[in-house]
J.: 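Let me begin by handing over the structure; questions about it come next.
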Amino acid sequence: MRGDAPIVVHRPSPTGGRRVTARGQTLGLAYDDQDVIEFLRRTGLPAGDELLDDEAWVEWRGGQAHSYDVW
């Protein structure tokens, strides 16, 4: 189902962190899962921690899920 998830956690940036988007709108730069959960909470999804591993909701691109460093 790649490409259908409304939330995308993009590949780690060279300076660390990952851009997070919701339906193409940038939510912010996350440095850990808690940042992603907070971005989702701000969009009205209070159970963001339950969505991080749900491929129907979140797509992790260009790196391992839950990893925020380039290395």
Side-chain angles (χ1 to χ4, degrees):
M1 234 173 122
R2 186 169 170 83
D4 293 339
I7 310 298
V8 177
V9 181
H10 297 268
R11 70 176 158 208
S13 73
T15 57
R18 295 175 84 150
R19 185 169 54 99
V20 179
T21 59
R23 300 206 186 277
Q25 179 181 354
T26 298
L27 300 179
L29 188 63
Y31 291 92
D32 57 30
D33 284 351
Q34 286 305 118
D35 289 341
V36 179
I37 292 166
E38 176 61 16
F39 297 153
L40 298 182
R41 185 194 66 76
R42 291 179 188 176
T43 66
L45 295 169
D49 57 329
E50 297 173 13
L51 301 178
L52 291 183
D53 292 314
D54 185 339
E55 292 179 1
W57 280 94
V58 178
E59 178 184 341
W60 295 84
R61 289 188 187 165
Q64 246 184 327
H66 310 286
S67 176
Y68 296 83
D69 297 321
V70 178
W71 317 108

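Computed from heavy atoms alone, side chains included, the values below leave out hydrogens, waters and symmetry copies.
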J.: Between W60 (side chain only) and L52 (backbone N and O only), is there a donor and an acceptor less than 3.5 Å apart?
T.: yes
J.: For a quick test of your reading: what N or O donor-acceptor pairs under 3.5 Å do the side chains of residues 20-31 make, sequence neighbours left out?
T.:
residue : atom : partner : partner atom : Å
T21     : OG1  : H10     : NE2          : 3.0

J.: With sequence neighbours left out, write down each residue that passes side-chain contact (heavy atoms from CB on, under 4.5 Å) with D53, or none if nothing qualifies.
T.: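 If we apply the side-chain contact (heavy atoms from CB on, under 4.5 Å) test to D53, skipping adjacent residues, the hits are H66.
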J.: Specify the closest pair of heavy atoms between G62 and P12, including all atoms of both residues, with the distance to one decimal.
T.: O-CD, 3.4 Å
J.: Locate the shortest heavy-atom distance separating P6 from A56; write the atom from each residue and the value.
T.: CD-O, 3.3 Å
J.: Please test V36 against Y68 for side chain to side chain contact (heavy atoms under 4.5 Å, CB included), starting from the C-alpha separation and ending with a verdict.
T.: CA-CA 11 Å; V36 179; Y68 296 83; 3.5 Å; yes
J.: Could you check whether any side-chain N or O of T43 sits under 3.5 Å from a backbone N or O of L40, counting only pairs where one atom can act as donor and the other as acceptor?
T.: yes
J.: I want to check something: taking the side chain as every heavy atom from C-beta on, are E59 and V9 in contact at a cut-off of under 4.5 Å?
T.: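 No. Closest side-chain heavy atoms not under 4.5 Å.
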J.: Okay, side chain of R18, backbone of V8: is any donor-acceptor separation there less than 3.5 Å?
T.: no
J.: Using the test side-chain contact (heavy atoms from CB on, under 4.5 Å), find all partners of Q34 that sit at least two apart in sequence or belong to another chain.
T.: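 For Q34, the residues satisfying side-chain contact (heavy atoms from CB on, under 4.5 Å) (neighbours in sequence not counted) are D32, I37.
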